[in-house]
Amino acid sequence: MKKLQFALLLCLSATLSFAQDVHFKSGREKNNNKPQLFAKEPARISVKADFFNKVLSFKVDQRVTVAVASTVSFSGKVTAITHDAPGLETIIMQSTETPGLVLSLSKVNIPGEGIQYRGIMMSKGHSDMLMLEKDMVTGNYVWNKKSVAHMIPD
């Protein structure tokens with residue numbers, strides 16, 4: 001009986017000591033060690049004038065090269081075009097040059113407000129990304145450089 005108690009006590013103490021060694025990495029810890037894809041780009045980049053019309057004309061499985069901004073281009077393949085809701089069209093492209101890099105553009109037609117665009121260019125292997133946002137002062141669309149760790153909660 002003493003051997004059984006001793007064995008259980010030994011197992012319990014081993015379990016408790018190993019359970020305290022578990023460490024979960026936060027989103028910042030996971031992403032801060034990744035390289036930046038857009039390190040040389042400014043914080044805000046103007047969208048090329050023909051970008052929206054050009055991307056919205058693409059077809060599934062089409063190989064494309066598009067000037068996203070004056071200093072950024074994207075080469076890849078259109079992998080999906082969806083119409084998930086009335087007035088919503090989303091085009092998703094995967095890069096053929098940078099593994100894991102995805103460019104997504106959505107066109108949203110909101111009744112009474114007109115057409116708006118949403119977009120993102122990001123890679124799971126990099127710590128930064130570009131988000132397409134409308135400048136509230138000028139009304140023009142710009143690509144804003146963001147840190148993945150600041151955008152995705154733990």
Side-chain angles (χ1 to χ4, degrees), residues 15-154:
T15 303
L16 291 176
S17 66
F18 286 117
Q20 294 174 8
D21 291 341
V22 175
H23 176 69
F24 294 100
K25 288 185 177 181
S26 70
R28 290 189 183 180
E29 287 176 307
K30 291 176 189 174
N31 288 296
N32 283 342
N33 294 329
K34 294 180 181 177
Q36 289 187 349
L37 184 59
F38 306 106
K40 296 178 183 176
E41 304 304 326
R44 294 170 60 92
I45 309 167
S46 297
V47 176
K48 294 288 279 185
D50 65 342
F51 173 73
F52 298 117
N53 290 333
K54 189 170 185 178
V55 171
L56 293 169
S57 70
F58 293 157
K59 306 292 180 211
V60 174
D61 291 329
Q62 181 179 350
R63 295 213 177 268
V64 299
T65 298
V66 61
V68 174
S70 58
T71 58
V72 180
S73 64
F74 181 90
S75 294
K77 182 179 177 183
V78 178
T79 56
I81 298 176
T82 63
H83 298 87
D84 293 333
L88 173 64
E89 179 179 7
T90 301
I91 297 177
I92 301 169
M93 297 164 273
Q94 300 226 347
S95 176
T96 52
E97 295 178 351
T98 305
L101 180 63
V102 174
L103 171 61
S104 174
L105 177 70
S106 294
K107 175 183 175 184
V108 184
N109 190 352
I110 301 171
E113 294 184 33
I115 295 173
Q116 294 184 10
Y117 298 97
R118 307 277 190 272
I120 191 166
M121 188 180 334
M122 70 180 296
S123 166
K124 62 182 177 181
H126 295 87
S127 65
D128 59 349
M129 64 184 188
L130 296 178
M131 287 188 69
L132 180 69
E133 298 173 326
K134 189 172 187 176
D135 185 297
M136 299 307 288
V137 176
T138 65
N140 296 329
Y141 285 93
V142 294
W143 289 102
N144 287 318
K145 187 166 55 171
K146 309 270 185 176
S147 171
V148 172
H150 294 146
M151 300 300 297
I152 299 174
D154 291 334

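From a predicted model like this one, the values you see are computed outputs, not experimental measurements. Because only heavy atoms are used, hydrogens play no part in the values below, and waters and symmetry mates are left out as well, while side chains stay in.
Side-chain contact between K107 and L105 is absent, with no heavy atoms from C-beta onward closer than 4.5 Å. Side-chain contact between V142 and N144 is present, with at least one heavy-atom pair separated by less than 4.5 Å. Contact check for D128 versus E41: no side-chain heavy atoms found under the 4.5 Å cut-off. Considering only heavy atoms from C-beta on, I91 comes within 4.5 Å of L56 through its side chain.
Closest approach of M121 and L101 over heavy atoms only: CG-CD1, 3.7 Å. When all heavy atoms are compared, the tightest approach of V102 to Q94 is CG2-NE2, 4.1 Å. When every heavy atom of V78 is checked against every heavy atom of K59, the shortest pair comes out as CB-O, 3.3 Å. Between G125 and P35, the closest heavy-atom pair is O-CD, 3.6 Å. Closest heavy-atom contact between L88 and S106: CD1-CB, 4.1 Å. Here the closest heavy-atom approach between residue A69 and residue S46 is recorded as CB-O, 3.3 Å.
M131 CE to I120 CD1: the interatomic distance, rounded to the nearest 0.5 Å, is 5.0 Å. Rounded to the nearest 0.5 Å, atoms OG1 (T90) and CG (D84) are 6.0 Å apart. Taking OG of S127 as the start and CE of M122 as the end, the distance is 10.5 Å to the nearest 0.5 Å. One distance of note links CD of Q116 with CG of N109; it measures 9.5 Å at 0.5 Å rounding. If you take CG on L103 and OG1 on T98, they are separated by 12.0 Å, rounding to the nearest 0.5 Å.
Under the ring-ring contact (aromatic ring centres under 6.0 Å, His included) rule, Y117 has a single partner from W143, Y141, F51, which is Y141.
Every residue was checked against the side chain to side chain donor-acceptor pair (under 3.5 Å) condition with S104, not counting sequence neighbours, and none meets it. Partners of S70 by side-chain contact (heavy atoms from CB on, under 4.5 Å), not counting sequence neighbours: none found. For K54, the salt bridge (Lys or Arg N to Asp or Glu O under 4.0 Å) test picks out no residue, with sequence neighbours left out.
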Next on the checklist: Quick one, I115 with F52, criterion side-chain contact (heavy atoms from CB on, under 4.5 Å). Give me CA distance, side-chain angles, the key distance, then yes/no.
Outcome noted: CA-CA 11 Å; I115 295 173; F52 298 117; over 6 Å; no

